[in-house]
Structures are given as C-alpha cells and as structure tokens.
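Counting convention: from 1, in listed order, for ligands and their atoms alike. Treat the numbers as computed from the prediction; the structure is a model and nothing was measured. All values below come from the heavy atoms of this structure, side chains included, with hydrogens, waters and symmetry mates left out. One-based numbering along the sequence shown.
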Amino acid sequence: MELRAVRGMNDILPEEVERWHKLEGAFRLHAELHGYAEVRTPLLEPTELFRHQMGETTDVVEKEMYSFERHGDQLTVRPEGTAGAARAYVEHAVHAKEPITRWYYLGAMFRGERPAKGRYRQFYQAGCELFGDPGPLCDAETIDLIAGFLERIGVGDFVVHVNSLGSAGTRERYREALLAHYTPRKDRLSEDSQRRLEKNPLRILDSKDPRDHEVSRDAPSILDLLDDADRAHWDGVLRCLDVLGVNYVVDPSLVRGLDYYTRTLFEVKATSGDLGSQSTLGGGGRYDNMIAGLGGPSVPAIGFAMGMERLLTLMPGDTSRRRPGCFLAPLGQVGADRALLLAKQLRALGVSVELDGRGGRLKSMLRRADALGARLCVILGDAEMERGVLQIKDLAAHVQEEIPLDGAARVLADRALESSPGGGQRGAR
Ligand code: HAM
C-alpha cells in the first residue's frame with residue numbers, strides 16, 4: 001500500500017525550512033517591536049467556540065472544519081487563531097491584569113477547502129490580536145504593522161483594501177437593505193446564497209460563486225448606512241492611515257468570510273506574483289463583541305492573520321541550508337574512534353560537524369564535504385593517527401596542512417568559527 005500525505009497537507013523539507021525560519025524570525029521581531037508577545041493556544045478547541053464566534057452560516061463552519069467527538073467532547077482542529085486567543089484571554093481574566101494586551105501567534109490551521117496553489121487544508125498563519133483599545137488610531141497602526149512587515153520581508157507589490165461594517169445597529173439596517181436588494185433577484189443566486197438570504201445576507205457578498213457576484217454587483221454599500229459614531233471612527237481610521245502613508249483603497253464590497261467582525265475590516269492583496277485567485281496575503285478587522293460573547297467583560301479587540309505559504313511564495317531569496325563548519329573523514333578504525341571524540345569536542349565548542357562514518361574512500365568523502373559546503377574537511381587516516389597528527393583541507397582556500405592531534409579541537413574550532421560565526425555558513429546551495 002502506498003501511503004501519501006493527506007491531500008492539501010504538505011511536508012516542509014529541510015531545504016525549505018530555512019526560509020520558514022527567516023519568515024518566522026522577521027515576524028517575531030516585527031511584532032515584538034510593536035509591543036506584541038507570543039501566545040500559544042491548543043490546536044484543539046471545543047467545536048462550539050468556532051461555531052459561535054465565526055458564525056453558523058460561514059463557509060468555514062458549514063463546510064470546512066475538521067470536527068470529531070472524543071471522550072464525550074465535541075472538538076475541532078482550529079481553523080484560525082482568533083477565537084482561541086479570545087477564549088484564552090477570557091479564561092485567564094487577562095483584562096484584570098493589564099488594560100491593553102497585544103498577542104501574536106504563529107502556527108498551523110486546518111480547513112477542508114478545495115486545495116489549490118496557495119490554498120491548503122493545513123496551512124500556517126502569522127497573526128496578531130490586540131485587546132482593550134477601541135480607538136481608530138489602533139486600527140490604523142494594526143494595518144500599518146502588516147504593511148511594514150511585508151516591506152520588511154521584501155514583498156513590495158500589495159494594496160490594502162479597507163471597509164467598515166459598522167456596529168450592530170448599522171449592520172441590522174444593512175441586513176434589511178441587502179434583503180430588499182436580493183429578495184427580488186433570489187432566483188439568480190446560487191443555492192447556498194438562496195439558503196443564506198434570510199439568515200445572513202451579508203455572506204452572499206463574499207460568496208465565491210460567479211452567479212452571486214453578478215447579483216451583488218449593484219448591491220447597496222454599507223458605508224452609506226454608517227451611524228454617526230461608526231462614521232466618526234471610520235473617518236478617524238482613514239485619517240490615521242493617511243498620516244502613516246499607507247497605500248490603501250476603500251472597498252465597500254469587502255465583508256470577509258467570518259461573522260465576528262465589527263467596524264474596520266481590511267485585507268492585503270498581492271498585486272504581482274503568481275498566486276492567482278489566492279492573492280489575499282492576510283486580513284483582519286475589529287471584533288468588539290467577541291470577548292463579551294465569550295462571557296468576559298466588554299473589551300474591544302482587533303487583529304489580523306497572514307497566510308505564511310502565500311508570503312513565502314512572494315518573499316525573495318533562495319532556499320538555503322546550514323553548512324557544516326567541519327566535515328570529518330576517518331579512513332580506518334583508529335581514525336573513526338578518534339573522529340567520534342573530536343566531533344563531540346567540536347560541537348561542545350559550538351562548531352557544527354558532520355562525521356562520515358560509512359568507511360568509504362577519501363575521494364567520495366571529499367566530494368560529499370564539498371557538496372555540503374563544509375568549510376574544513378578533516379582527514380583522519382590510521383597512519384596519521386600513529387604519528388599523532390591529522391590533515392585539514394580548507395575547501396574554500398584549497399590548501400591542506402597537517403596539525404597535531406593534541407589540541408586539534410581548539411585549532412579547528414578557531415578556524416571554522418573565524419570563517420563563519422555559529423560554526424556553519426548559510427547561503428544559497
Ligand atoms: P482569514 O481571512 O480566514 O482570517 O485568514 C487569514 C489569511 O490566512 C488569509 O488571508 C490567507 O492568507 C490565509 N489562509 C486562509 N485560508 C487558507 C488556506 N486554506 N490555505 C492557505 N492560506 C490560507 C482569519 O483567519 C482571521 N482569524 C484573521 C483575524 C485575526 N481577524 C481578526 N484577528
């Protein structure tokens with residue numbers, strides 16, 4: 001039987017992992033510069049959490065969650081990070097400890113979507129959630145954080161789409177306006193949207209079905225229905241975005257696929273690269289009612305998440321891999337025993353070492369050392385062992401020399417580390 005990875009779930013092999021580390025490191029640095037600290041929440045949460053927070057009529061909850069029962073509990077493998085972070089915030093009464101909380105996370109999410117380039121069933125998100133600040137300044141700073149991050153990693157071609165969904169009263173008026181728009185055109189909608197019309201007409205706006213796009217084209221704009229408080233907030237967000245010089249477009253058709261949003265919504269779309277229809281690099285918005293909805297106090301919140309596979313597709317830079325500082329090539333039993341010990345001593349001194357213990361010929365070991373990009377190849381022949389020496393071949397400078405076995409670890413470590421801090425070099429292979 002041939003066993004393969006689950007469809008839509010990818011292995012990330014070592015030569016690719018280096019770029020993941022780079023992306024993750026850049027995100028950690030960027031988030032921490034903005035005052036965010038990392039949170040790690042479980043991969044499994046009660047199904048009820050997502051159903052309640054993301055919305056019964058959303059695609060994710062209706063069709064895409066990996067849910068099952070175990071020990072009498074209904075569980076779901078997280079499709080996103082926001083609901084879990086909010087649950088943790090309430091569960092640990094974080095509001096009582098600090099007025100503003102900034103959390104970031106990196107991790108795998110799971111959605112049973114139809115796999116395509118940039119759309120997977122297990123994918124990774126980098127996200128931020130901020131609890132406790134209701135003001136428009138914080139919305140603009142959050143959006144600018146994403147824009148700044150993309151620039152930091154060398155992704156320059158993107159545009160930020162922004163919209164406001166208003167607060168509950170505004171959305172109720174919008175719901176009625178949408179009902180009035182769609183009801184006479186019901187027959188032209190997809191089956192899913194016909195079903196959602198009464199329950200949640202907003203979802204029709206982000207349907208992926210072309211029939212729904214056609215009917216939605218001249219749907220009313222929510223920005224015309226904002227009440228005074230929503231309008232003041234929205235104007236404030238746009239003013240701060242202008243102050244920050246963020247490149248944005250106002251997009252009244254942006255509703256996003258989750259029910260928890262209030263007021264400001266945003267999405268960042270790539271304007272070049274080959275992501276096709278999966279060009280949305282990240283998105284988020286305010287969700288001022290979630291914390292109270294989870295039984296906590298009334299605490300406003302805003303956040304976003306980015307898809308890491310999509311970012312990696314656009315991030316410049318080759319795949320690369322750590323190179324060993326020393327490659328040890330023993331040529332006999334005595335040399336092999338000595339190499340075992342030497343490798344251990346070198347690693348303790350901070351040098352990365354690869355020991356070839358297969359007992360092959362020198363020529364093939366040198367070829368392997370070269371292929372790995374090792375700085376030094378150390379040859380330990382039995383004859384040399386008898387004389388109390390070993391040979392070092394500097395693979396970059398193409399010179400060979402003999403040094404005493406006594407104290408060899410220190411000499412080798414100095415050489416390897418002087419050419420590459422960390423004991424190995426990084427670079428394109
Ligand atoms: P989302 O729009 O569902 O929002 O996902 C955010 C990003 O994750 C997307 O823009 C996309 O880049 C990536 N993504 C989503 N689904 C997939 C997939 N199947 N394959 C690859 N990448 C994918 C959220 O998840 C919200 N929790 C964001 C948020 C945080 N809102 C407030 N706080």
Side-chain angles (χ1 to χ4, degrees), residues 6-10 12 23 27 31 36 39 41 45 49-50 53-55 58-61 63-66 77-89 101-131 138-139 142-143 145-146 149-150 155 158-163 165 203 206 208 254-270 273 275-291 300-315:
V6 176
R7 200 161 109 82
M9 302 195 181
N10 300 308
I12 304 169
L23 181 61
F27 183 71
Y36 286 77
V39 67
T41 60
E45 294 279 357
L49 174 68
F50 301 115
Q53 300 311 319
M54 299 171 81
T58 57
D59 273 356
V60 179
V61 171
K63 307 177 192 163
E64 298 167 1
M65 295 204 302
Y66 289 96
V77 196
R78 65 182 185 191
E80 59 118 44
T82 308
R87 179 208 42 74
Y89 178 86
T101 298
R102 291 183 174 90
W103 283 352
Y104 75 84
Y105 50 88
L106 290 157
M109 309 292 161
F110 300 80
R111 296 182 193 177
E113 294 193 73
R114 194 171 51 77
K117 183 173 171 66
R119 188 172 59 214
Y120 309 105
R121 291 183 170 169
Q122 174 174 336
F123 59 98
Y124 291 79
Q125 282 188 343
C128 285
E129 312 293 348
L130 186 156
F131 303 100
C138 137
D139 302 24
T142 305
I143 294 170
L145 188 161
I146 308 189
F149 176 68
L150 292 175
V155 175
F158 63 87
V159 63
V160 184
H161 291 238
V162 291
N163 191 22
L165 281 186
R203 289 276 70 85
D206 65 4
K208 290 164 193 147
L254 178 68
V255 286
R256 297 198 25 79
L258 309 168
D259 275 358
Y260 49 62
Y261 292 116
T262 53
R263 291 195 165 161
T264 314
L265 277 185
F266 49 90
E267 250 173 28
V268 184
K269 294 185 195 278
L275 279 167
S277 59
Q278 312 309 319
S279 63
T280 305
L281 301 178
R286 265 197 177 278
Y287 48 101
D288 287 344
N289 301 326
M290 192 187 290
I291 298 300
I302 183 168
F304 70 88
M306 295 177 290
M308 297 183 70
E309 289 84 355
R310 297 183 190 183
L311 296 177
L312 282 166
T313 305
L314 302 180
M315 189 173 89

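- Those atoms of ligand 1 that come under 4.0 Å of a heavy atom in Tyr261, given as number and element, are 26 (C), 28 (C), 29 (C), 31 (N), 32 (C).
- Between the side chains of Glu64 and Tyr66, no donor N or O sits under 3.5 Å from an acceptor N or O.
- Ligand 1 is never approached by Tyr124 to a heavy-atom distance shorter than 4.0 Å.
- Heavy-atom distances between Glu267 and ligand 1 stay at or above 4.0 Å for every pair.
- Looking at Leu281 next to ligand 1, an N or O pair under 3.5 Å apart turns up.
- Atoms of ligand 1 found under 4.0 Å from any heavy atom of Gly282, numbered from 1 in the order shown, are 10 (O).
- Taking every heavy atom of Gly283 and a limit of under 4.0 angstrom, the matching atoms of ligand 1 come to 10 (O), 28 (C), 29 (C).
- Between Leu150 and Leu281, the closest side-chain pair of non-hydrogen atoms falls below 4.5 Å.
- Annotation: atom 12 (O) of ligand 1 to nearest protein heavy atom, Thr280 O, 2.9 Å.
- The shortest N or O to N or O distance between Ala305 and ligand 1 is not under 3.5 Å.
- Closest to atom 21 (C) of ligand 1 by heavy atom, among Ala83, Gly118, Ala85, is Gly118.
- Side-chain contact between Thr313 and Leu275 is present, with heavy atoms from C-beta onward closer than 4.5 Å.
- One N or O on the side chain of Asp206 and one on the backbone of Gly257 form a donor-acceptor pair closer than 3.5 Å.
- Listed by number with element, the atoms of ligand 1 under 4.0 Å from a non-hydrogen atom of Glu113 are 16 (N), 17 (C), 18 (C), 19 (N).
- Proximity to Glu129 (heavy-atom distance under 4.0 Å) selects the following atoms of ligand 1: 30 (C), 32 (C), 33 (N).
- At a threshold of 4.0 Å, the pair Asp139-Arg286 counts as salt-bridged, since one of the basic side-chain nitrogens sits closer than that to a carboxylate oxygen.
- Close approach of ligand 1 to Thr82 (heavy-atom distance below 4.0 Å) involves ligand atoms 26 (C), 27 (N), 29 (C), 30 (C), 31 (N), 32 (C), 33 (N).
- Side-chain contact between Glu80 and Arg111 is present, with at least one heavy-atom pair separated by less than 4.5 Å.
- Among all non-hydrogen protein atoms, the one lying nearest atom 11 (C) of ligand 1 is Arg310 NH1, 3.5 Å.
- Looking at Val60 and Leu258, their side chains come closer than 4.5 Å, going by heavy atoms from C-beta outward.
- The protein heavy atom nearest to atom 1 (P) of ligand 1 is Arg256 NH2, 3.5 Å.
- By heavy-atom distance, the residue among Glu80, Gln125, Arg121 lying nearest atom 6 (C) of ligand 1 is Gln125.
- The protein atom (non-hydrogen) at minimum distance from atom 13 (C) of ligand 1 is Gly307 CA, 3.6 Å.
- The shortest side-chain heavy-atom distance between Gln53 and Asp259 does not fall under the 4.5 Å cut-off.
- The aromatic rings of Tyr89 and Phe131 sit parallel, their planes meeting at an angle under 30°, below the 60° perpendicular limit.
- Two residues are said to be in side-chain contact when any heavy atoms from C-beta on lie closer than 4.5 Å; Phe304 and Ile143 fail this criterion.
- Residues Phe27 and Met306 have side chains in contact (heavy-atom distance under 4.5 Å, counting atoms from C-beta outward).
- At a 3.5 angstrom cut-off on N or O pairs, Glu309 does not count as close to ligand 1.
- At the top of the distance list for atom 20 (N) of ligand 1, counting protein heavy atoms only, stands Tyr120 N, 2.9 Å.
- Considering backbone and side-chain atoms alike, Met306 places every N or O at 3.5 Å or more from each N or O of ligand 1.
- At a 4.0 Å cut-off, not a single heavy atom of Gly127 sits close enough to ligand 1 to count as contact.
- Proximity to Gly284 (heavy-atom distance under 4.0 Å) selects the following atoms of ligand 1: 31 (N).
- Shortest contact from atom 26 (C) of ligand 1 to any protein heavy atom: Tyr260 OH, 3.3 Å.
- For atom 14 (N) of ligand 1, the closest non-hydrogen atom of the protein is Phe123 CE1, 3.5 Å.
- Ion pairing of Arg87 with Glu45 is present here, as a side-chain N (NZ or NE/NH1/NH2) and a carboxylate O approach within less than 4.0 Å.
- At least one side-chain heavy atom of Tyr120 sits under 4.5 Å from a side-chain heavy atom of Glu309.
- Between Glu129 and Tyr36, the side chains place no donor N or O within less than 3.5 Å of an acceptor N or O (distance only, hydrogens not considered).
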